[in-house]
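In this text, all values refer to a predicted model and were calculated from it rather than measured experimentally. Ligands are counted one by one from 1 in listed order, and the atoms in each one are counted from 1 as well. These values consider heavy atoms only, across backbone and side chains, with no hydrogens, waters or symmetry-generated copies.
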Amino acid sequence: MRHLMSPMDLSTEELDQLLDLANDIEKNPTKYAHACDGKKLATCFYEPSTRTRLSFESAMLSLGGQVLGFSSADSSSASKGESVSDTMRVISCYADICAMRHPKEGAPLVASQKATIPVINAGDGGHQHPTQTLTDLLTIRSLKGRLDNLTIGLCGDLKFGRTVHSLIHALIRYSNVKFVLISPEELKVPDYIRNDVLLEHNIEFKEMVRLEDALPELDLLYMTRVQRERFFNEEDYIRMKDFYILDKAKLELAPQDMLILHPLPRVNEISVDVDDDPRAVYFKQAQYGVYVRMALILTLLKEAEK
Ligand code: CP
């Protein structure tokens, strides 16, 4: 059974095929309107979500399928002490495919080991968020025209931001991709990303504190929110939360063709006066999330039928 736990579960060729399929879905939605007739998607979300859960549901409905699930641990039998493994065995009887979000790193992987249906990691703690990465790659490829030869600024909470970890993992497979890691000292990328991913693969990167210093050289700026839910104390969060605020004045330092992405939700890190700038593509990015999740559901269900 094929699952998706990390972007690295897909070869570069498979990744390209998935993005091609997502582009075709975008152009020809009616062609796919009945592709999943009779199929059910379970969304098992033990942690809050707007985009990921609803875009998965929208994706399955757009494919002609149906959806069921829960949106918090409190509204499931997890609140009575049920393990993710047991829950997954049961969900396998009710649905054809499952998207799971969980605050504990590795929980969707544990669930997948007991599943008889494909399981998709919809975000596990501060670890990985592969379908956000697919969304990001589709956005970059569609709007920038390429995934190679890019200088990418990743800004904000690079320690706890799982979207950043997944995106770095995926992008190192393309040639001449350079990273500028912009964060306060306390929120730098974890050592396993710096050592085992960037240094191990000889990827060019530098670390900076000031966003203003990085902006002029970027093809792409990926802003992230400070992940309040992963902090051990509120004081540290309050000290860090407004460390970066991208506003119209700072944006004047950036190239005219630099794209601004953000996985959303945004808090204060991008001022609303940036939203009308043509470089701001974070709401388009959320739309691409539906197409790529449609492509993923179709691909995994097809593989499961083999
Ligand atoms: N980008 C993202 O994962 O958003 P949600 O937390 O709203 O799903």
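- Comment: Lys188 engages Glu185 in a salt bridge, judged by a side-chain N to carboxylate O separation of less than 4.0 angstrom.
- Polar contact with ligand 1: present for Pro263 (N/O pair, distance under 3.5 Å).
- Checked by atom type, the side-chain pair Gln128/Ser166 shows a donor-acceptor distance below 3.5 Å.
- A salt bridge links Lys31 with Asp24: the distance from a Lys NZ or Arg NE/NH1/NH2 to an Asp or Glu carboxylate oxygen falls below 4.0 Å.
- Atoms of ligand 1 lying under 4.0 Å from at least one heavy atom of Arg101, given by number and element, are 3 (O), 5 (P), 6 (O), 8 (O).
- Taking a cutoff of 4.0 Å between a charged side-chain nitrogen and a carboxylate oxygen, Arg89 and Glu82 do not qualify as a salt bridge.
- For Arg53, no nitrogen or oxygen atom sits less than 3.5 Å from a nitrogen or oxygen atom of ligand 1, counting backbone and side chain alike.
- An N or O contact shorter than 3.5 Å links Leu264 to ligand 1 by distance.
- Atoms of ligand 1 found under 4.0 Å from any heavy atom of Gln132 (numbered from 1 in listed order, with element): 1 (N), 2 (C).
- Judged by the shortest distance from any of its heavy atoms, Glu47 lies outside the 4.0 Å radius around the atoms of ligand 1.
- Residues Glu47 and Arg162 are paired through a salt bridge, judged by an N-O separation under 4.0 Å between the basic side chain and the carboxylate.
- Near Thr50, meaning under 4.0 Å from any of its heavy atoms, are these atoms of ligand 1: 5 (P), 7 (O), 8 (O).
- Short contacts between ligand 1 and Thr52, defined as distances under 4.0 Å to a heavy atom of the residue, involve ligand atoms 2 (C), 3 (O), 4 (O), 5 (P), 8 (O).
- Nearest protein neighbour of atom 4 (O) of ligand 1, counting heavy atoms only, is Arg51 NE, 3.1 Å.
- With a 4.0 Å cut-off on non-hydrogen atoms, Thr163 does not touch ligand 1 at all.
- Ring orientation note: the planes of Phe70 and Tyr46 are nearly perpendicular, at an angle over 60° on the 30°/60° scale.
- Here Lys248 does not pair with Glu252 in a salt bridge; the nearest charged N to carboxylate O distance is not below 4.0 Å.
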